[in-house]
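Side-chain atoms are counted along with the backbone in the values below, which use heavy atoms only and exclude waters and symmetry mates. To find a chain, count down the sequence lines: A is the first, B the second, and so on, and within it residues start at 1.
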Protein chains: 2
Amino acid sequence: MSREAAQGAQRPGVDHSRSDLEDLIGYNLKRAYIIVQSDFRDALGADGMSARVFTALSLCVKYPNITQSELARMMGIERSGLVAIVDELEAREHLRRARVPGDRRVQALVPTDAGRAAYDAAIQAVRAHEDRLFSDMTSSERATLLALLKKIRGLEKQQ
Amino acid sequence: MSREAAQGAQRPGVDHSRSDLEDLIGYNLKRAYIIVQSDFRDALGADGMSARVFTALSLCVKYPNITQSELARMMGIERSGLVAIVDELEAREHLRRARVPGDRRVQALVPTDAGRAAYDAAIQAVRAHEDRLFSDMTSSERATLLALLKKIRGLEKQQ
DNA sequence: TATTGTTATACTCTATAACTATA
DNA sequence: TATAGTTATAGAGTATAACAATA
């Protein structure tokens with residue numbers, strides 16, 4: 001007899017097969033997030049970019065000459081936390097910190113050709129990872145999920 | 001003129017208003033997760049339980065006499081990581097480690113009356129937090145989101 | 001005074017490896 | 001040999017506070 005069955009037997013008539021947790025969006029969001037992030041890591045390999053480095057590179061490619069402060073704000077992290085991310089991308093020679101004429105406080109982030117190529121390869125790998133992981137979900141389900149997640153993102157309180 | 005507009009002007013005809021990231025489930029999942037977890041923390045207060053401690057207590061209440069190994073497996077974390085969680089719950093006097101007759105290696109986790117009361121209060125606070133945070137979403141949208149997140153949870157590769 | 005990038009530091013969460021006591 | 005709980009340790013990822021350079 002399994003432990004679960006043994007526990008259930010302690011309180012007859014009560015369904016122990018589902019926890020309160022299973023009804024919580026936060027709990028399900030966390031568990032789903034862990035699965036997807038784990039698969040992302042596997043897909044990009046041992047020396048691949050982490051999700052946050054990939055995100056930073058994506059935004060630098062999309063918005064060349066973005067400043068670190070702007071990038072941090074877009075990513076929802078502190079400026080201080082971005083330093084190590086930019087350091088890594090610079091060490092990989094995917095971008096460089098460029099001085100901006102007119103404001104010597106600012107560092108513009110400029111992707112290199114190698115950085116753009118690395119991003120193109122990475123985004124293909126990431127799309128392949130999602131296509132494979134979510135192959136049991138229909139396009140409609142994926143679109144619905146995306147829309148609902150964006151709705152949650154819209155609920156964020158502005159600070 | 002905004003920076004985004006300035007950047008868009010650099011490559012006419014290309015829509016820079018949306019990043020590749022916005023189409024990725026993983027990215028949206030992460031951003032949504034951060035918002036919900038942050039609101040969870042605010043809702044439970046400065047000396048409230050963290051999400052993982054709340055989860056552990058929930059499972060202990062639901063499955064009294066669960067072992068630490070079983071609880072770790074249910075939570076998807078290592079046994080070693082559970083020690084600090086159980087330590088905290090024991091320090092709060094929400095549960096106790098009980099010796100099990102017949103196998104002296106095992107510690108059964110038994111919620112106290114105070115633990116059950118604390119859980120009842122916490123689950124109410126958590127439900128209130130989700131009801132408030134997701135008040136712009138219909139019951140149908142929330143149910144759909146839950147179902148899709150559970151579908152992702154079902155994709156986890158078994159180790 | 002305010003902002004940009006940076007450093008120092010600490011905290012949370014997690015994992016791996018090794019240990020002990022039991023089985 | 002294998003398992004349950006534990007400890008030591010390290011690595012992400014994050015935040016806060018303070019600083020120098022610059023505006």
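- Put simply, A/Arg99 has no side-chain N or O that comes within less than 4.0 Å of OP1 or OP2 on D/dA21.
- When the nucleotides C/dT4, D/dG5, D/dT22 are ranked by their closest atom to the side chain of A/Val106, C/dT4 comes out on top.
- Side-chain nitrogen and oxygen atoms of B/Ser69 include none within less than 4.0 Å of the OP1 or OP2 phosphate oxygen of D/dT3.
- Closest approach to the B/Arg105 side chain among D/dT6, D/dA2, D/dG5 is made by D/dA2 (side chain taken as heavy atoms from C-beta onward).
- Following rounding to the nearest Å, A/Glu88 (CD) and D/dT14 (P) show an atom-to-atom distance of 13 Å.
- Distances from the side chain of B/Arg52 to the nucleotides C/dT6, C/dT14, D/dA12 place C/dT14 closest.
- Residues B/Val83 and A/Arg104 both approach DNA chain D. Their nearest nucleotides, taken by heavy-atom distance, put B/Val83 toward the 5′ side.
- OP1 or OP2 of D/dT6 has at least one side-chain nitrogen or oxygen of B/Gln107 nearer than 4.0 Å.
- Inspection of the A/Glu141 and A/Thr144 side chains reveals no N or O donor paired with an N or O acceptor under 3.5 Å.
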Could you go through the ring pair (Phe, Tyr, Trp, His ring centres under 6.0 Å) check for B/Phe54 and B/Tyr119 one step at a time?
-> CA-CA 8 Å; B/Phe54 169 76; B/Tyr119 176 67; 5.6 Å; yes
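- The interatomic distance linking A/Ile66 (CD1) with C/dG5 (C1') rounds to 15 Å, in whole Å.
- The separation between B/Asp47 atom CG and C/dC11 atom C1' is 17 Å, rounded to whole Å.
- Atom-to-atom, CG of B/Leu71 to P of D/dT6 comes out at 12 Å; the value is rounded to the nearest Å.
- Comparing B/Glu78 and A/Arg97 by the nucleotide of DNA chain C whose heavy atom lies nearest to each, the residue mapping closer to the 5' end is A/Arg97.
- Spacing between atom CG of A/Asp103 and atom P of D/dA20 amounts to 19 Å, rounded to whole angstrom units.
- Mapping A/Lys30 and A/Arg79 onto DNA chain C via the closest heavy atom, the residue that lands nearer the 5' end is A/Arg79.
- Between A/Leu21 and B/Ser58, the shortest heavy-atom distance links the atoms CG-OG, 3.4 Å.
- Between A/Arg97 and A/Asp87 there is a salt bridge, since at least one side-chain N of the basic residue sits less than 4.0 Å from a carboxylate O of the acidic one.
- Within 4.0 Å of B/Ser80, counting heavy atoms only, lies at least one base atom of the nucleic acid.
- Atom-to-atom, CD of A/Gln37 to C1' of D/dA12 comes out at 12 Å; the value is rounded to the nearest Å.
- Ionic pairing of A/Lys150 and B/Glu22 is present here: one or more N-O contacts between side-chain nitrogen and carboxylate oxygen are shorter than 4.0 angstrom.
- Rounded to whole Å, atom P of D/dA4 lies 9 Å from atom CZ of B/Arg73.
- For B/Gln68, the listed nucleotide lying nearest its side chain is D/dT6; candidates were D/dT6, D/dA23, C/dA23.
- Among the heavy atoms of the strands lying under 4.0 Å from A/Ile77 are primed sugar atoms or P, OP1, OP2 only; no base atom is included.
- Here D/dA15 presents its C1' atom at 14 Å from CG of A/Leu82, a figure rounded to the nearest Å.
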